[in-house]
Amino acid sequence: MKQSIFEIKENTALTSNVYKMVLCGDTSDITASGQFVNIKLEGFFLRRPISVCDCEDGLLTIVYKVVGSGTEVMAKMHIGEKLDVLTGLGNGYDLEKSGDTPLLLGGGVGVPPMYMLAKKLISQGKKVSVILGFNKKDEIFYEDEFKALGADVTVCTADGSYGIKGFVTDAMKNMNYSYFYTCGPEPMLKAIYSVSETSGQFSFEERMGCGFGACMGCSCKTVTGYKRICKEGPVLEKEEILWEK
């Protein structure tokens, strides 16, 4: 973990409530796809944990949804403003288990961490398929960016206004894959767990206090005992997950 000051280079709307922010600073502690950063905002006690969408040449890209007062402040920030950021948080995805034809599934704000993962897997020569899930057409983002990487992209919308009508699991049933990676809301993760035909890795979204394992506020029970989502997670393997009833 490293604390650094980053400068905003871009902060643009992708949809009515989803924004892309590009920050310039020390990214040396960001070593794995699926890690997150924790952003300090003036006037707020707790930092805001945001998944890493991309990281390259000292530029950090995050994609965030405006869901409360903290992210509302972020959406109004301008190029040149500075942010205090903790980087290198979380364990990230293990790429060595992907096989030759990995499948990536992202739902809503679970889509961004799939981008850096897809980029890395494709650079290794893997044939990557990506399924993106949204509620409706107006909420879709990053479809073209994944295609530009060379991934085979399928988009699903719950209301059928674009792509396949239904959920990511509806598209998943028709695909052959060697392994899967996913991030999204818990109902989506549970559904993927139930229908998946291989092992895989799940990135969990959890409310956090400190973001680096000190407060124990995001602990969850697994097959091998309690784990902190911010420290031993946010990525857990399929075989260690215990779902709460």
- [ ] Verify whether the ring centers belonging to F134 and Y162 lie closer than 6.0 Å.
- [x] no

- [ ] Mind checking the NZ-OG spacing from K120 to S98? Nearest 0.5 Å is all I need.
- [x] 12.5 Å

Open item on the list: Can you tell whether the side chains of D152 and K147 come within less than 4.0 Å, N to carboxylate O?
Closed with: no

- [ ] Working to the nearest 0.5 Å, report the span between CE of M116 and CG of D54.
- [x] 6.5 Å

Open item on the list: Testing the basics here: between F141 and G108, what is the closest heavy-atom pair and its distance to 0.1 Å?
Closed with: CZ-O, 3.4 Å

Task: Cationic N near anionic O, under 4.0 Å, E72 to K76 - done: no

Open item on the list: List the residues meeting ring pair (Phe, Tyr, Trp, His ring centres under 6.0 Å) with F146, not counting sequence neighbours, and say none if there are none.
Closed with: Y115

Open item on the list: One thing to verify: whether E7 and K9 come together as a salt bridge, which I'm taking to mean a side-chain N less than 4.0 angstrom from a carboxylate O.
Closed with: yes

Task: Test: D159 and K165 ion pair at under 4.0 Å - done: no

Open item on the list: Less than 6.0 angstrom separating the ring centers of Y179 and Y177, yes or no?
Closed with: no

TODO: First locate atom CG of L60, then atom CD1 of I50, and finally report the distance between them rounded to the nearest 0.5 Å.
DONE: 10.5 Å

- [ ] State the CG-OG1 distance between L132 and T154, to the nearest 0.5 angstrom.
- [x] 8.5 Å

Open item on the list: Working to the nearest 0.5 angstrom, can you tell me the gap between K20 NZ and C53 SG?
Closed with: 7.5 Å

TODO: Using a strict cut-off of less than 4.0 Å between a Lys/Arg side-chain nitrogen and an Asp/Glu carboxylate oxygen, indicate whether D26 and K2 qualify as a salt bridge.
DONE: yes

Open item on the list: Through direct or indirect side-chain contacts below 4.5 angstrom among Ile, Leu, Val, Met, Phe, Trp and Tyr, which residues connect to I164?
Closed with: none

